[in-house]
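It should be emphasised that the depicted structure is a prediction, and the values quoted were computed from it without experimental measurement. The figures that follow rest on heavy atoms only: side chains count, while hydrogens, waters and symmetry mates do not. Throughout, protein chains are lettered first and strands after them, A, B, ... in sequence-line order, and every chain is numbered starting at 1.
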Amino acid sequence: MRSVLEGSQAAAEAVRLARVKVVSAYPITPQTHIVEELAKFCAEGSLDGRFICVESEHSAMASVIGAASGGVRTFTASSSHGLALMHEMLHWAAGARLPIVMAEVNRALGPGWNLWMDQTDSLSQRDTGWIQLYCADGQEVLDTTLQAYRLAEAVNLPVMVTLDAFFLSHTYEPVDVPTQDEVDAFLPPFVPKFRMDTAAPLSLHGVAPINVYMEMRRSIQMAMEAVPEVFAGIEAEFQTRFGRRWGAVDAYRLEDAEIVLVTSGTAAGTARVAIDQLREAGEKAGMLRIKMFRPFPVREVRQALAKARKVAVLDRNCSFGAGGIFASELRSALYGAATVPVWSYITGLGGRDVTVETIMNLYTRTRDAVQPETESVWLELKEELLQA
Amino acid sequence: MKPQSVAPLALPLFLPMAAAPTTANRTGSWSTRQPRYQNKTAPCSSHCPCGEEIPRIEMLAARGEFAAAWRAILQENPLPGCCGRVCFHPCEGNCNRSELDAPVAINALERFLDDQAHRAGLAPGLTPLPSTGRRIAIAGAGPAGLAAAWFLTLLGHSCEIFEAAAEPGGLLRYGIPAYRLPAAVLEREISRITTLGVPIHCDTAIDSGFMVAARARYDALFVGCGNGRALGLDIPGGELASDGLAFLHHCRAQDPAAVAIPGPATLPVAVIGGGNSAIDIARTLVRLGRRATIVYRRRRADMPAFAHEITRALDEGVELIELSAPLALSRQDGHLELSMQKMRTGEPGADGRMRVVPLPGETAALTVAAACTAIGAAAAPPWAEWIADAAALTLSHSRLYCREAGSLPVILGGDLINREESVADAIASGKEAAIALDLLFRDGMAAVAPGVAQSRVGAGDSLSLEVYLGGPRASRSRRVVTWTDLNPDYFTPAPAERGRSLAPAAATGSFAEIESALEEEQALAQAARCCNCGLCNDCDTCRTFCPEAAVHLASARSVNPDYCKGCGICITECPRSAMTMEEPLS
C-alpha cells in the first residue's frame with residue numbers, strides 16, 4: 001500500500017513488518033520519531049514485541065544484545081551522542097556475532113550543539129564490526145531495514161541503517177509499504193544459530209586466550225568480506241518480490257561519464273538534478289552514490305569508476321587530520337587498480353544545505369583543475385568567521 | 001520471475017562459548033557484605049495502640065484476600081467493627097503516604113473488612129492455646145474488659161466478665177450514639193467474644209464483697225470498668241446542669257424519643273465541654289428535635305473532639321460558643337440562664353495546648369432550656385484509692401497489683417489508667433493486661449515488665465500478641481520505616497477515598513449510621529495505596545534488578561551468597577525498605 005511516511009516512520013514500519021520481538025532505545029533528536037512510533041506499535045499491540053525503556057543508549061544496546069543472545073529479532077535506534085555512548089556495546093554486538101539491526105540518524109556531534117545532518121557520528125563507528133548502509137529516501141529506508149535483517153541473520157553481524165537527519169528522518173514521501181504476507185515470505189522467522197537458554201545453560205563471550213582471539217577476529221572479517229555478495233543475493237530476491245533494487249553502490253548516468261561525482265545519502269538526490277543539468281549543457285558528468293560503507297564495496301566501486309577520468313567526492317563528514325572520509329576510503333579502494341585522481345570536498349556539515357549550485361561549483365572546480373589538492377577542500381565556507 | 005534464494009553460507013562462527021555455565025564462578029566469594037530480607041516496622045503499626053500489622057492487612061486486602069486481612073486484625077484487635085467506625089486512627093496520622101498525597105484510609109478499610117467478614121459469615125478462625133486452668137474475673141464489659149477476655153482466652157485462660165449495666169459494651173454501647181456506632185455492630189463483636197466461651201454477667205457490679213470471695217474462685221482480677229464518677233460543674237448553680245454521659249446512656253438504654261429533656265424546645269440546650277462526648281450529646285439533642293449550643297472555654301482548634309465530628313455537628317445545626325467559661329447557672333422562669341466569662345488565648349502550656357485567660361470584665365449570658373456537662377469523669381470508689389496506691393507495676397496501659405503473697409493479683413486498665421481515653425487504648429490495655437497476667441502466671445512478677453517490653457511493636461507503647469507468642473512478626477526489626485527509607489519512584493499519587501456520608505439534613509432525622517462503608521472496588525484501590533512500609537510483599541523488584549540473578553524464590557525469598565557481590569542494588573530499589581545490608585559479612 002502506498003503511504004505518505006516520514007523516513008522515521010518508514011523505518012518503524014519495516015521493524016513492525018519484520019516482526020521484531022524486542023525493541024530497546026533511548027530517545028534522541030532526530031531519532032525520536034522512530035522510537036515513538038515503535039513504542040506506540042508495542043503499546044497498541046500492532047507489533048507483538050516488548051519495548052524496553054532504558055536510561056541510556058549504552059543500556060539500550062546492552063538490552064538488545066541480551067535479547068538477541070536469547071535468540072530473538074531485535075531493533076534499536078540512535079543518533080549522534082547516543083551512538084557515541086553505545087560505542088563499547090557496538091563492539092560487543094559485532095564480536096558476539098549478533099544480528100541486531102539499528103537505525104542511525106546522522107546528526108552532528110557537539111559542542112557546539114547541533115541537531116542537524118552530519119555523517120561523522122556513524123562514520124566514527126566504522127571499525128566496530130557493524131555493516132553500514134546509507135539510505136537516500138524513505139522507500140529505501142523501509143526496504144533496506146527489511147533486507148538488513150536477512151543480511152544480519154545470514155552473516156551474523158549487526159547492521160546499521162543510516163538516515164540523514166531531518167532531510168530524511170523528518171521528510172514525508174510516498175512509500176510503498178508491502179503487506180505482512182509479502183514480508184513474511186521474504187523474511188521468515190529468525191532461526192538463531194546459537195542462543196542463551198536457561199534450560200540448557202552455556203557460557204557465551206567469556207575469555208578468548210591468545211591462542212584463539214585472532215581467529216575469532218578473522219572470522220568477523222571473513223563474514224564482512226562475504227557481505228557484498230550476500231547482500232547482492234538478498235537484493236536480487238527482494239527485487240523479484242518487490243520490484244526494487246538499490247545496490248551497494250548506485251550509479252547514475254555513469255556509462256560514458258568522464259567526471260564522476262561520488263556522494264552518499266540524500267545529497268544524491270540533489271546531485272541527480274545537477275548531473276541532469278550538466279548533461280543538458282553537454283558535460284559528460286555522472287554520479288555514484290555509495291550506499292554500503294562497511295564493508296566498503298571495493299569491487300563494485302572499482303568497476304563503477306573504471307572509465308572515469310576524474311572523481312570528485314562530496315563528503316558531509318570530516319575525520320579531523322585526514323579530511324573527507326568517503327574520499328579517503330575511495331582512494332584506498334582505487335589504489336593499485338586505477339590511477340584516476342580523486343578530488344575531496346567537504347560541505348553540508350551541521351545541516352547546511354547542499355544545493356544544485358554547490359554541486360555545480362564542485363563540478364566546475366574539478367573539471368578545471370589539473371590535479372587534486374593534497375587536503376580536502378571545504379566548500380561554501382564563511383571565510384569571514386575564520387579570521388584569526 | 002521466480003524468487004531467488006540465497007545459498008546457505010559456509011562462514012565460520014567462531015565464538016567464545018562453553019557448555020559449562022558461568023555459575024562455576026562463585027562471584028559472591030568476593031563480597032564483603034550481603035543484603036538480607038529484614039522486615040521492619042511501619043509507623044502506622046507502631047502508632048496503633050492495638051499494634052495491628054497494618055502493612056500486611058492492607059497487602060492482603062489489596063490482593064482481595066479480605067478474610068485473611070480480617071483475621072490479621074483479629075489477632076491484635078477483637079473489635080474491628082467498632083474501631084473501623086470510632087477509632088481516632090493515629091495510624092493514618094502517622095502514615096508515610098502523607099508525604100506523597102494523603103494517608104491510606106486505614107480506618108475505613110478496617111470497617112470494610114469487618115463488614116465484609118460479617119456479610120460472608122466468617123468465623124475468626126483463631127484457636128485458643130490449651131487451657132492453663134487459670135480463671136480470671138473481669139470487671140466491666142467495655143472495650144478494655146472485652147479485649148482482656150479475648151486475649152486471655154486466646155492465651156488459654158478462662159474468663160468471666162461482670163458488667164454493672166444491663167447490657168455489655170460500656171462506652172461503646174452507652175457513650176457513643178448509634179449514628180456513629182450501630183448497636184448491631186457492637187453486638188456481633190461481643191458475640192464473637194462470648195462464642196469463645198466467655199460468660200458476661202450483666203447487672204453485676206464488682207464490690208468489696210466480690211473481691212473477698214474472688215480470692216477463692218479466681219487467679220486474677222482485671223478491672224476495666226471505666227471512670228464511674230462524672231465530673232460536676234464547679235460553679236454557682238452547677239447542680240442545675242445534668243450529666244451529659246448519663247443522657248447519652250439513657251438514649252441508648254431506651255427509645256431516645258422517650259428521654260425527657262426539660263425546658264422549652266425553642267431554647268437551646270447548653271452542652272458544656274469540648275470533647276467527643278460534648279459533640280455526641282449535642283448531635284443527639286439535634287436528632288431529638290432540640291437545639292444545642294456547645295460552650296467551650298478554649299478555641300474550636302483546641303477541642304479534644306475529632307475535627308471532622310465538630311464540622312459535622314456544626315453542619316447539622318449545632319452552635320458553638322468558643323472562649324467562654326461557665327460562670328454561673330441560675331433558674332429563671334421555666335428556663336436556665338448561663339452566664340459566661342469571655343476568655344482570650346494566652347501562652348501555650350506545658351502540654352503544648354494554648355492556655356486561655358479571662359478577659360477582665362467581659363461576660364455574656366445565654367438563655368437556655370437546660371444545661372448538661374461533658375467535662376469528663378473520674379474513677380469511682382474503690383478504684384480511686386487503688387490508683388493512688390503507688391505499690392504497683394505500672395505498664396503503659398495497665399497497673400498490676402500483687403499486694404501480698406497469696407493475695408489476688410489485680411490489674412487495672414482502660415480509662416482508669418490510660419493517658420489517652422480512647423477505644424483503641426482501652427483495647428490495648430486489655431491486651432497488655434492479658435500478656436502481663438500470662439507472664440505473671442508462667443514466670444512470676446519479675447518476668448512481667450521485660451516480657452511486655454519484648455512484645456512491643458516499634459519504639460512506642462504499641463503491643464502485639466503475635467510478637468508475644470513468637471509468631472512471624474517477632475522476627476521484625478523494631479526500626480520504624482520513614483518516608484525517606486522508601487523508594488518514592490514506586491509510588492504515584494492516587495486519590496484517597498472514604499465511604500459516603502448522609503447529608504446533614506438527612507442524617508439529623510434519625511439515629512441511622514451516617515457513614516457508609518467503602519465499596520469493594522474502592523477498598524481494593526485504597527488498600528493498594530498502602531506502601532506496605534517495611535514489609536516484603538513479593539513485588540519481586542529485588543529479583544528483577546539483581547545483576548547477578550542471585551535472588552532466589554523458594555519457600556522464602558533469599559539472596560544466594562555464592563553469587564551476590566553485595567552491590568546493594570536490591571536494597572536501593574526495594575520500594576518499601578524490606579531489606580538490610582549486613583556488613584561486614586560475618
Side-chain angles (χ1 to χ4, degrees), chain A residues 62 66 69 95-99 147 150-151 153-157 182 185-186 188 191-209 212-227 229-243, chain B residues 1-30 487-492 539-554 557-565 567-575:
Chain A
S69 303
R97 307 299 300 274
L98 297 170
Q147 294 164 353
R150 280 284 298 267
L151 179 59
E153 291 162 15
V155 299
N156 273 89
L157 285 175
E182 289 169 333
F186 169 72
V191 181
K193 298 190 186 82
F194 62 94
R195 70 185 189 98
M196 302 283 268
D197 181 357
T198 51
L202 53 78
S203 328
L204 275 176
H205 315 316
V207 173
V212 295
Y213 182 81
M214 210 165 111
E215 285 69 23
M216 287 174 185
R217 296 288 109 175
R218 174 61 189 150
S219 74
I220 295 172
Q221 175 61 12
M222 287 167 79
M224 272 292 185
E225 286 169 2
V227 165
E229 195 187 329
V230 175
F231 185 62
I234 292 167
E235 278 221 294
E237 184 188 333
F238 190 90
Q239 188 176 23
T240 60
R241 291 182 184 279
F242 302 102
Chain B
M1 209 157 115
K2 193 165 163 286
Q4 302 174 8
S5 67
V6 181
L9 284 166
L11 283 171
L13 190 57
F14 185 30
L15 287 167
M17 192 186 289
T22 52
T23 45
N25 302 325
R26 301 201 184 274
T27 48
S29 62
W30 314 338
N487 185 346
D489 293 348
Y490 290 87
F491 305 108
T492 48
C539 70
D540 222 16
T541 304
C542 47
R543 197 166 66 98
T544 306
F545 277 86
C546 177
E548 302 294 326
V551 171
H552 282 220
L553 296 174
R557 203 168 272 276
S558 67
V559 176
N560 186 339
D562 286 345
Y563 304 109
C564 172
K565 290 196 290 204
C567 69
I569 289 174
C570 51
I571 294 179
T572 305
E573 281 301 324
C574 177

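- If you measure heavy-atom distances from A:F186 to chain B, you find no contacts under 4.5 Å at all.
- From B:L11, atom CG reaches atom NZ of A:K193 across 8.0 Å, with rounding to the nearest 0.5 Å.
- Counting all heavy atoms, side chain and backbone alike, A:R97 lies closest to B:P12 at NH1-O, 3.7 Å.
- Annotation: salt bridge (charged side-chain N to carboxylate O under 4.0 Å, His left out) contacts of A:R217 (sequence neighbours excluded): none.
- Note that CG of B:L13 is 7.0 Å distant from OG of A:S219, once rounded to the nearest 0.5 Å.
- A pairwise comparison of heavy atoms in B:F14 and A:E215 identifies CE2-CB, 3.6 Å as the closest pair.
- Taking A:A208, A:G206, A:A232 one by one and counting their heavy-atom pairs under 4.5 Å with chain B, the maximum is reached by A:G206.
- Proximity to chain B (any heavy atom under 4.5 Å) is restricted, for A:A96, to the backbone atoms N, CA, C and O.
- Within the 4.5 angstrom heavy-atom criterion, only backbone atoms of A:V207 (N, CA, C, O) approach chain B.
- Within a 6.0 Å radius of OH in B:Y490, other residues, nucleotides and ligands contribute more than 12 heavy atoms.
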Query raised in the report: Taking it one step at a time, do A:H205 and B:L15 satisfy side chain to side chain contact (heavy atoms under 4.5 Å, CB included)?
Result: CA-CA 7 Å; A:H205 315 316; B:L15 287 167; 4.0 Å; yes

Side chains of residues 16-29 of chain B: which donor-acceptor partners sit under 3.5 Å, not counting sequence neighbours?
{"residue": "B:R26", "atom": "NH1", "partner": "B:D562", "partner atom": "OD2", "Å": "3.0"}
{"residue": "B:R26", "atom": "NH1", "partner": "B:Y563", "partner atom": "OH", "Å": "3.2"}
{"residue": "B:S29", "atom": "OG", "partner": "B:R26", "partner atom": "O", "Å": "2.7"}

